[in-house]
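Data block below; observations after.
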Amino acid sequence: MKFSFSFPFLLVLTICIIGCVNLVHTAPTKIGNGYSLIAIEESPDGGLIGYLKVKKKNKIYGPDIPNLQLYVKHETDNRLRIHITDADKQRWEVPYNLLPRESPPSLKQTIGKSRKGQLPLLSNQKYSGNELMFSYTSDPFSFSVKRKSNGQTLFNSSSEDSDPYSNLVFKDQYLEISTKLPKDASLYGLGENTQPHGIKIYPNDPYTLYTTDQSSINLNMDLYGSHPMYMDLRNVNGEAYAHAVLLMNSNGMDVFYRGDSLTYKVIGGVLDFYFFSGPTPLAVVDQYTEFIGRPAPMPYWSFGFHQCRWGYHNLSVIEDVIANYKKAKIPLDVIWNDDDHMDGKKDFTLHPVNYPGPKLRAFLKKIHAEGMHYIVINDPGIGVNKSYGTYQRGLANDVFIKYQGKPFLAQVWPGAVHFPDFLNPKTVEWWGDEIRRFHELAPIDGLWIDMNEVSNFCNGLCTIPEGRICPNGTGPGWICCLDCKNVTKTKWDDPPYKINASGIQAPIGYKTIATSATHYNGVREYDAHSLYGFSETIATHKGLQAIEGKRPFILTRATFVGSGHYAAHWTGDNKGTWEDLKYSISTVLNFGMFGVPMVGSDICGFYPAAPPLEELCNRWIQVGAFYPFSRDHANYYSPRQELYQWKSVTKSSRNALGMRYKLLPYLYTLSYEAHITGAPIVRPLFFTFPNIPELYELSTQFLVGSNVMVSPVLEKAKTKVNALFPPGTWYSLFDMTQVIVTKEPHYRSLDAPLHVVNVHLYQNTILPMQRGGMLTKEARMTPFTIVVAFPLGASEGVAKGNLFLDDDELPEMKLGNGKSTYMDFHATTSNGTVKIWSEVQESKYALDKGWYIEKVTVLGLNGIGGAFDILVDGSKVEDTSKLEFETEDHKFVDKLEEDGGHKKSMMLDIKGLELPIGKNFAMSWKMGI
């Protein structure tokens with residue numbers, strides 16, 4: 001939602017560049033001489049515990065912390081932790097109750113002996129686990145992490161004289177550490193930012209991590225989330241090896257990637273590194289999400305299409321939007337309200353005229369009966385208003401962030417606000433109670449938590465003005481009208497090192513909470529700033545789940561490591577441009593790697609762009625129909641851009657969303673896999689084809705799951721798309737007779753008229769589909785089709801797929817609860833015989849629902865013969881008279897590389913089946929010509 005200061009923000013920043021003092025500094029290349037390892041021994045838990053002493057003190061960015069504790073442990077076979085902190089004093093860390101993980105040894109248990117020099121240096125300077133190996137150099141101290149299988153160095157913190165970075169630096173408000181990297185390493189991650197060069201981290205681009213209300217149209221800047229994690233993919237003699245590095249730290253930081261090295265410059269906290277060994281990209285994300293929390297289960301309906309707009313002024317407008325979608329025959333599952341439903345833009349309220357409670361509840365009863373759902377926005381700022389119950393209860397429970405003992409005053413959409421402190425357990429309880437109260441007023445189906453970086457329209461320490469109304473209802477609502485003064489007295493507001501905030505080294509308290517403000521137990525906003533959205537997400541998840549015990553749906557803008565365990569994310573305030581359409585793919589792919597697989601971008605763009613928008617909207621829905629989270633959302637000042645506004649977009653939407661709704665069982669199964677393994681729903685091509693370097697920076701195509709490839713048009717006035725096809729057989733999902741076969745990675749020029757998006761299915765796949773529909777509720781109850789894709793014309797081939805079904809209102813997404821069914825599908829073609837069969841786990845739920853397979857489509861056959869047999873739960877089906885067998889020859893987009901000719905091959909449809917989902921089936925037949 002809302003103006004993320006993109007227009008006024010740039011103006012204010014320009015003024016700040018001209019008028020602010022001491023924003024620009026020239027950092028010295030080298031700071032100090034690092035530390036010496038004085039002693040090290042094995043810790044009681046099987047790790048290593050060491051003691052570091054500074055070599056030569058200096059005061060650049062403040063005094064050095066003289067004594068450090070080193071802790072190293074192989075926590076699992078594929079995860080290594082390296083933790084460095086002050087040996088004398090406890091330092092801020094990401095709270096262990098917020099993001100659960102093992103605690104390092106306490107300082108008191110280990111440091112006493114170290115200071116007396118009683119700990120010997122180990123004779124063996126290597127510490128090996130199953131997959132990774134830690135080694136160190138004592139003076140100056142540095143460490144390296146290697147992969148045991150091939151000896152490759154993954155991280156090396158040493159600094160030579162010729163290197164442009166220092167050895168370890170550890171000060172109260174400045175931590176620096178670097179690693180050497182091979183020049184051919186491909187790095188991904190370090191978000192959230194909009195990367196104009198595509199998905200790969202680009203040398204010498206700025207990467208600043210600090211949650212900021214800054215719209216995604218700003219390139220290479222700190223945006224809404226902080227994810228200090230990167231994946232490193234290397235190709236060694238044709239074989240790919242991937243690993244990941246996480247720095248568990250919530251403080252602001254700059255990360256400098258030079259192409260052959262990477263340097264962290266962090267303004268607080270500790271150095272708490274986690275290394276994940278991979279070695280495949282999927283294994284990396286599996287290991288990463290096992291640690292930070294598996295992605296949240298999502299309700300089935302959330303994979304339908306969503307429509308929102310800031311400016312649906314009253315309930316009748318919402319009703320009209322729904323009616324127009326129905327009239328246009330475009331699927332729609334969820335209708336959203338931005339703040340239009342609120343009374344004075346206050347959370348947990350309804351506008352008494354535009355969205356009166358009785359009428360809204362009647363409306364919700366009606367759409368819920370049809371199977372539709374309703375979500376509203378919620379900003380964290382609680383309006384300062386004596387007649388406002390939420391505010392009064394918040395004051396009574398002492399839930400707000402403080403400045404010098406009083407609730408910190410800011411301004412957001414309601415005017416003057418206080419911000420809840422979600423690190424306080426009492427706040428979590430109060431927040432849950434407010435959600436419960438609002439749900440009684442309006443039975444919403446989820447919450448959209450926005451502006452939670454946290455965003456503030458003002459700067460510094462503010463008071464409510466006397467003698468004038470603020471805001472007065474005229475002019476833009478994002479202009480600060482409180483009486484404010486800058487807060488720069490403390491080291492928390494004006495730290496010695498200036499991260500590149502907003503791309504101009506803006507003060508870190510700019511347009512947010514003053515960083516000297518305090519949270520629960522005296523925690524500084526300086527340290528906890530980037531955790532605000534994450535802590536709010538956890539509280540919101542708890543509150544929603546407590547209402548009816550249902551599976552929550554939360555959409556959050558601000559994210560941190562682990563946010564995907566609770567919520568979905570959208571890429572924030574984009575713009576209706578071709579560039580923004582293209583950028584959205586990279587951001588969506590990045591969030592899949594961050595463990596936030598339910599992600600999408602505002603389709604057609606949030607901010608208005610110069611018309612015409614029609615062609616862009618055609619192409620955007622063709623991409624957005626395959627985002628995991630698919631929503632059209634627009635700004636208050638944008639022209640109306642619902643998909644039915646243009647005949648051409650209506651046609652494209654029916655086509656693209658029609659396919660999405662047919663693929664719902666596949667998408668939902670992918671969400672189950674994401675929940676149990678972390679696998680991104682949408683992912684880069686190199687996840688399936690990691691050994692092909694040409695794919696490492698491909699950012700204009702993507703995979704849905706492992707084997708469905710989307711190759712969209714991303715440029716104006718184009719009716720062809722140049723798509724890169726990895727080796728193998730690819731079948732068009734919209735016309736499965738069309739096939740592309742390649743022996744090597746090759747670009748193919750594909751026809752892409754205005755209403756067409758190219759989507760291809762890869763060989764060796766079994767894809768579950770249904771008939772589709774206008775709502776997920778009705779689409780879900782239609783019969784299934786199973787598509788079996790063999791390599792074209794193969795005499796020997798295998799294919800596999802799976803299907804997960806459950807009661808999607810249950811909080812947990814798992815087997816073993818009596819409300820779920822899982823099926824593995826297998827197929828082989830060998831020795832002239834084709835076999836297709838299923839293996840079912842926990843059949844009761846699917847059988848009770850009455851789901852069945854009505855058709856099996858087999859692609860790539862070189863012929864069809866006879867002797868057709870079907871078995872269901874081991875018993876032969878004797879009557880096959882109702883079955884229909886239809887064949888159609890495959891058509892080739894271009895010539896095959898093999899012999900320059902076309903193999904004879906065909907598609908087979910077996911219709912008239914009634915195979916129950918939930919029973920094991922097997923079918924087989926002889927091949928023929």
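Residue numbers start at 1 and run along the sequence shown. Side chains are part of it too, since the values below use all heavy atoms of this structure and drop only hydrogens, waters and symmetry mates.
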For side chain to side chain contact (heavy atoms under 4.5 Å, CB included), just list the numbers for L98 and L423, CA-CA rounded to whole Å, side-chain angles, deciding distance to a tenth of an Å, and then say yes or no. CA-CA 8 Å; L98 203 65; L423 298 184; 4.1 Å; yes
Any chance you could lay out the salt bridge (charged side-chain N to carboxylate O under 4.0 Å, His left out) test for E102 and R81, step after step, and finish with the verdict? CA-CA 10 Å; E102 293 182 25; R81 183 185 193 182; 5.7 Å; no
Apply the test side chain to side chain contact (heavy atoms under 4.5 Å, CB included) to residues N500 and M221: give CA-CA distance (whole Å), side-chain angles for both, the deciding distance (0.1 Å), then the verdict. CA-CA 8 Å; N500 195 33; M221 291 188 194; over 6 Å; no
With a distance cut-off below 6.0 Å to the six-membered ring centre and an angular limit of 45° from the axis, does K55 pair with Y35 as a cation-pi contact? no
Do NZ/NE/NH1/NH2 and the carboxylate oxygens of D494 and K489 come within less than 4.0 Å? no
Say whether, by atom type as modelled, one donor and one acceptor occur between the side chain of Q69 and the main chain of A87 under 3.5 angstrom. no
Closer than 4.0 angstrom, basic N to acidic O: yes or no for D64 and K56? no
Check the angle between the aromatic planes of F291 and Y274 and answer parallel, tilted or perpendicular using the 30° and 60° thresholds. tilted
Using 4.0 Å as the upper bound for N to carboxylate O, is an ion pair formed by D213 and K511? no
T515 side chain to W492 main-chain N or O, any donor-acceptor pair under 3.5 Å? yes
Run I199 and M593 through side chain to side chain contact (heavy atoms under 4.5 Å, CB included) and show every step you take. CA-CA 11 Å; I199 190 172; M593 288 186 270; 3.7 Å; yes
Sole candidate of F134, F155, Y71 that passes ring pair (Phe, Tyr, Trp, His ring centres under 6.0 Å) when paired with F273: F155
How long is the gap from CG on N167 to CD1 on I31, to the nearest 0.5 Å? 11.5 Å
If you apply the rule side chain to side chain contact (heavy atoms under 4.5 Å, CB included), what do you find for L181 with D232, and how did you get there? CA-CA 9 Å; L181 291 169; D232 182 334; 3.6 Å; yes
Closest heavy-atom pair and its distance - L461, V487: N-CG2, 3.3 Å
Distance-only polar pair, side chains of N590 and Q195, donor-acceptor under 3.5 Å: yes
Between N156 and T153, does the side-chain hydrogen bond (donor to acceptor under 3.5 Å, both in side chains) criterion hold? Intermediate values first, please. CA-CA 7 Å; N156 177 0; T153 299; 5.9 Å; no
Could you grab the distance from atom OG1 of T518 to atom CD1 of I401, nearest 0.5 Å is fine? 8.5 Å
With a 4.0 Å cut-off on N to O distance, would you call D139 and K53 a salt bridge? no
Without hydrogens or angle criteria, can the side chains of E176 and Y174 be said to hold a donor-acceptor pair below 3.5 Å? yes
Test the R101-Y96 pair against the cation-pi criterion, namely NZ or CZ under 6.0 angstrom from the six-membered ring centroid and within 45° of the ring axis. yes
Given F560, Y224, F591, F534, the one that forms ring pair (Phe, Tyr, Trp, His ring centres under 6.0 Å) with H569: F591
Quick one: does L271's side chain get under 4.5 Å of F170's, heavy atoms only? yes
Do H74 and N130 have side-chain N/O donor and acceptor atoms under 3.5 Å apart? no
Let me confirm one number: the CD1-CG distance from I65 to D86, rounded to the nearest 0.5 Å. 4.5 Å
Is there a donor in the side chain of T289 and an acceptor in the side chain of R294, or the other way round, less than 3.5 Å apart? yes
Donor-acceptor contact below 3.5 Å, side chain N452 vs main chain A558: yes
Step by step, work out the side-chain hydrogen bond (donor to acceptor under 3.5 Å, both in side chains) result for H519 and E525. CA-CA 7 Å; H519 294 251; E525 168 69 9; 2.7 Å; yes
Using modelled atom types and a 3.5 Å cut-off, is there a donor and acceptor pairing between side-chain atoms of Y51 and backbone atoms of L68? no
Report the distance from atom CD of Q152 to atom NZ of K146, rounding to the nearest 0.5 Å. 11.0 Å
Between Y532 and F419, what is the ring plane arrangement, given parallel below 30°, perpendicular above 60°, and tilted in between? perpendicular
List the atom of D493, the atom of T490, and the distance in Å for their closest heavy-atom pair. OD2-OG1, 2.6 Å
Apply ring pair (Phe, Tyr, Trp, His ring centres under 6.0 Å) to the pair Y497 and Y61, showing each step before the final yes or no. CA-CA 6 Å; Y497 176 78; Y61 303 136; 5.4 Å; yes
Sidechain N-carboxylate O distance under 4.0 Å for K148, E131: no
Distance, nearest 0.5 Å, that separates CG of L209 from CG of N249: 10.0 Å
Return the CG to CZ distance between D163 and R258, rounded to the nearest 0.5 Å. 8.5 Å
Between D254 and T208, is any side-chain donor less than 3.5 angstrom from a side-chain acceptor? yes
Are T212 and D222 close enough, and set up right, to give a side-chain hydrogen bond (donor to acceptor under 3.5 Å, both in side chains), and what steps lead you there? CA-CA 6 Å; T212 305; D222 43 312; 2.8 Å; yes
Does a donor on one side chain sit under 3.5 Å from an acceptor on the other, for Y207 and N193? no
If you look at every heavy atom in T211 and E453, which pair is closest and at what distance? OG1-O, 2.7 Å
Step through the shown structure and confirm whether more than 12 heavy atoms of other residues, nucleotides or ligands are within 6.0 Å of NZ on K200. yes
Could you walk me through whether T263 and S178 pass the side-chain hydrogen bond (donor to acceptor under 3.5 Å, both in side chains) check? CA-CA 4 Å; T263 298; S178 301; 2.7 Å; yes
Please report the closest heavy-atom contact between S158 and Y165, naming both atoms and the distance. O-CE1, 3.7 Å
Nearest heavy atoms of S216 and L223, plus distance in Å: CA-CD1, 3.9 Å
Of all the heavy-atom pairs spanning P281 and M231, show the shortest one and how long it is. O-CE, 3.8 Å
Ignoring hydrogens and geometry, is there a side-chain-to-backbone donor-acceptor pair from K171 to N58 under 3.5 Å? yes
Answer yes or no: are there more than 12 heavy-atom neighbours, outside E697 itself, under 6.0 Å from its atom CD? no
Without hydrogens or angle criteria, can the side chains of N235 and Y696 be said to hold a donor-acceptor pair below 3.5 Å? yes
Does F276 have its ring centroid less than 6.0 Å away from the ring centroid of H243? no
Counting only heavy atoms not in Y202, do more than 12 sit closer than 6.0 Å to its OH atom? no
Treating T677 as the side-chain partner and A679 as the backbone partner, does any N or O pair qualify as donor plus acceptor under 3.5 Å? yes
Going by heavy atoms in the side chains, are L262 and L187 under 4.5 Å from each other? yes
Any salt bridge between K402 and D421, counting N to O under 4.0 Å? no
Note: D161-K30 ion pair, threshold 4.0 Å (strictly below): no
